[in-house]
Engineer: 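Mind having a look at this structure? Questions to follow.
Naming convention: chains lettered A, B, ... in sequence-line order (proteins, then strands); numbering from 1 in each chain. What you see below is based on every heavy atom in this structure, not just the backbone, and it leaves out hydrogens, waters and symmetry mates.
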Number of protein chains: 2
Amino acid sequence: MPTHFSGSAADVRALNLLIKLMRASMTVKTQLSRAVTGHGLTEPQFGVLETLYFLGPLSPSALSHKRLSSGANITTVLDNLEKRELVRREQSEEDRRCSRVQLTPEGRRLIARIFPGHVAAARELFSVLTAAEQETLAELSRKLGVGIVERASRAPKAPRRAAQSAGRK
Amino acid sequence: MPTHFSGSAADVRALNLLIKLMRASMTVKTQLSRAVTGHGLTEPQFGVLETLYFLGPLSPSALSHKRLSSGANITTVLDNLEKRELVRREQSEEDRRCSRVQLTPEGRRLIARIFPGHVAAARELFSVLTAAEQETLAELSRKLGVGIVERASRAPKAPRRAAQSAGRK
DNA sequence: TATTGTTATACTCTATAACTATA
DNA sequence: TATAGTTATAGAGTATAACAATA
């Protein structure tokens, strides 16, 4: 798509970056998802297991924040994982509205078995870049991701940074 | 998740890059999708319209290759676009198995209206990086994406380049 | 026989809104 | 009233397999 588009230099640069970045990330994602689907897991399911594996038991609402999806959606994904007995929900005793989601032994076993291969596959894919290039790419990605989130939180709605709560009331 | 993982230096580097790259691309994608869903389009629908807009009429099979999804899936997405009269299918006269998918005037109008804002939004997001950083990120992304695809096509199935058809029979 | 495309089928994901239980 | 989570509902995406039409 890079052709046919005429705009400012900044527009052309942005579009070029957008295409390259999306294509690269999609390619990586697609390649890596093979290992995951091979174990009968969908990508969201894998993401939830991985999150629980590294962060420990979490409430559904915490999971929905971490995974950036709605509560109802997390409920669905957890239902599917619970059917396969990979996670378990336990009700909290202090606040009985809350629950804690944790890996079952089988769930832990599965993610522990998949994860090293997942990393190895990523290492293999990334080996088309030198170590230095990988580090540069990681750093620029980090700066981009963090920068966007920070900017968004600084100016929740308005396009310019203006004191929003000081506006009309 | 970067914590808690112990592996070789290459593994740690790969996992770090994977997390940063996926997070950045997801953040960009999520931000940009708002404009698209605002027009009642899903991401796959937008992708198909965009592809037809820049490449002209294509067959469903060509679309499924471009978009990296199955033929049946493209059929579904095209059905949904056709319901809204944004694309039209025409049967080829030479090879009557084939068809050509093209934008309707409304489809062209819609994508032409959305696309500039899409680019502008990308430009705005990427402005957290300098122009030089954007170019570096694009170049490394390109190298990564192209490198993976080339490597995969060189060794279609086997992990090592060995004459596959010379194996057992 | 091989190719193009659709149908049939079956899930999973996803969101919004309404609801339950608790605080 | 507000919060945590589920249910209800609806639709879109996705894939595999079977099929039709054509080459």
Engineer: Treating B:Glu82 as the side-chain partner and B:Arg89 as the backbone partner, does any N or O pair qualify as donor plus acceptor under 3.5 Å?
Structural biologist: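 Such a contact is found between B:Glu82 side chain and B:Arg89 backbone.
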Engineer: Check side-chain contact (heavy atoms from CB on, under 4.5 Å) between B:Ala35 and all other residues, then give those that pass, not counting sequence neighbours.
Structural biologist: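 side-chain contact (heavy atoms from CB on, under 4.5 Å) list for B:Ala35, sorted by chain: empty.
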Engineer: Name all residues meeting the side-chain contact (heavy atoms from CB on, under 4.5 Å) criterion together with B:Thr130; count only those two or more places apart in sequence or in a different chain, and write none if there are none.
Structural biologist: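 Scan of B:Thr130 (side-chain contact (heavy atoms from CB on, under 4.5 Å), adjacent residues dropped) gives B:Ala132, B:Glu133.
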Engineer: Please list residues of residues 57-65 of chain B whose heavy atoms come under 4.0 Å from any atom in DNA chain C, ordered by number; otherwise none.
Structural biologist: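 Close to the strand are B:Ser59, B:Pro60, B:Ser61.
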Engineer: Between P on C:dT14 and CD on B:Glu43, what's the gap in Å once rounded to a whole number?
Structural biologist: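 To the nearest whole Å, that distance equals 13 Å.
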Engineer: Please write out each protein N/O paired with an N/O of nucleotides 10-12 of chain C under 3.5 Å, distance rounded to 0.1 Å.
Structural biologist:
none

Engineer: Can you give me the closest heavy-atom contact between B:Leu137 and A:Ser141, atom names plus distance?
Structural biologist: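 Taking B:Leu137 first and A:Ser141 second, the nearest heavy atoms are CD1-OG, 4.2 Å.
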Engineer: Quickly work out the A:Leu68 CG to C:dC13 P distance and round it to whole Å.
Structural biologist: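 After rounding, the gap between these two atoms is 16 Å.
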Engineer: Please report the distance, rounded to the nearest Å, between CZ in A:Arg67 and C1' in D:dG5.
Structural biologist: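 It is 19 Å, rounded to the nearest whole Å.
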Engineer: On the nucleotide C:dG5, are OP1 or OP2 found under 4.0 Å from the side-chain N or O atoms that B:Arg89 carries?
Structural biologist: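 No.
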Engineer: Between C1' on C:dG5 and CG on B:Asp79, what's the gap in Å once rounded to a whole number?
Structural biologist: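 In whole Å, C:dG5 C1' lies 11 Å from B:Asp79 CG.
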Engineer: Determine whether B:Lys66 and B:Val48 make a side-chain contact, defined as any pair of heavy atoms from C-beta on separated by less than 4.5 Å.
Structural biologist: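 Answer no - side chains too far apart.
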Engineer: Would you mind reporting whether B:Pro60 and B:Ser99 have side-chain heavy atoms less than 4.5 Å apart?
Structural biologist: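 In contact.
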Engineer: Could you tell me how far apart A:Leu81 (CG) and C:dC13 (P) are, to the nearest whole angstrom?
Structural biologist: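 A:Leu81 atom CG is separated from C:dC13 atom P by 8 Å.
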Engineer: Determine the minimum heavy-atom distance between A:Arg67 and A:Glu43, stating which atoms define it.
Structural biologist: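 Residues A:Arg67 and A:Glu43, closest heavy atoms: NH2-OE2, 4.1 Å.
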Engineer: Does any pair with a residue in residues 28-51 of chain B pass ring pair (Phe, Tyr, Trp, His ring centres under 6.0 Å), and if so which ones, sequence neighbours excluded?
Structural biologist: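 Listed once each, the pairs are B:Phe46-B:His118.
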Engineer: Reading nucleotides 16-23 of chain C 5' to 3', which nucleotides get B (base under 4.0 Å from a protein heavy atom), which S (sugar-phosphate only), which -?
Structural biologist: B----BBS
Engineer: Which dot-bracket string fits DNA chain D when only Watson-Crick or G-U wobble pairs with both atom distances under 3.5 Å count, crossing pairs get [ ], and | stands for a partner on a different strand?
Structural biologist: |||||||||||||||||||.|||
Engineer: How would you list, by chain and number, every residue that makes a side chain to side chain donor-acceptor pair (under 3.5 Å) with A:Ser127, sequence neighbours excluded?
Structural biologist: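 Partners of A:Ser127 by the side chain to side chain donor-acceptor pair (under 3.5 Å) criterion, ordered by chain and then number, come out as B:Arg151.
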Engineer: With sequence neighbours left out, write down each residue that passes side-chain contact (heavy atoms from CB on, under 4.5 Å) with A:Arg100, or none if nothing qualifies.
Structural biologist: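 Expected list: A:Pro57, A:Glu90, A:Gln102.
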Engineer: Let me know the distance between CD1 of A:Ile74 and C1' of D:dT6, rounded to the nearest Å.
Structural biologist: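 Going from CD1 in A:Ile74 over to C1' in D:dT6 covers 13 Å.
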Engineer: Do A:Gln45 and A:Leu86 come close enough that some side-chain heavy atom pair is under 4.5 Å?
Structural biologist: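 Of all side-chain heavy-atom pairs linking A:Leu86 with A:Gln45, none is under 4.5 Å.
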Engineer: Excluding sequence neighbours, so at least two apart, what forms ring-ring contact (aromatic ring centres under 6.0 Å, His included) with B:Tyr53?
Structural biologist: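 Partners of B:Tyr53 by the ring-ring contact (aromatic ring centres under 6.0 Å, His included) criterion come out as none, since no residue qualifies.
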Engineer: How many Å lie between CG on B:Leu78 and C1' on D:dA12, as a whole number?
Structural biologist: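 Answer to the nearest Å: 14 Å.
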Engineer: Once side-chain contact (heavy atoms from CB on, under 4.5 Å) is applied, do any residues pair with B:Val149, and if so which ones, sequence neighbours excluded?
Structural biologist: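 Partners of B:Val149 under the side-chain contact (heavy atoms from CB on, under 4.5 Å) test: A:Thr27.
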Engineer: Would you mind reading off the distance between B:Lys29 atom NZ and C:dT14 atom C1', rounded to a whole angstrom?
Structural biologist: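 Taking NZ of B:Lys29 and C1' of C:dT14, I get 14 Å after rounding.
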Engineer: Can you pull out every salt bridge (Lys or Arg N to Asp or Glu O under 4.0 Å) where at least one residue sits in residues 111-123 of chain B? Sequence neighbours excluded, please.
Structural biologist: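 Non-adjacent pairs meeting salt bridge (Lys or Arg N to Asp or Glu O under 4.0 Å): A:Asp11-B:Arg123.
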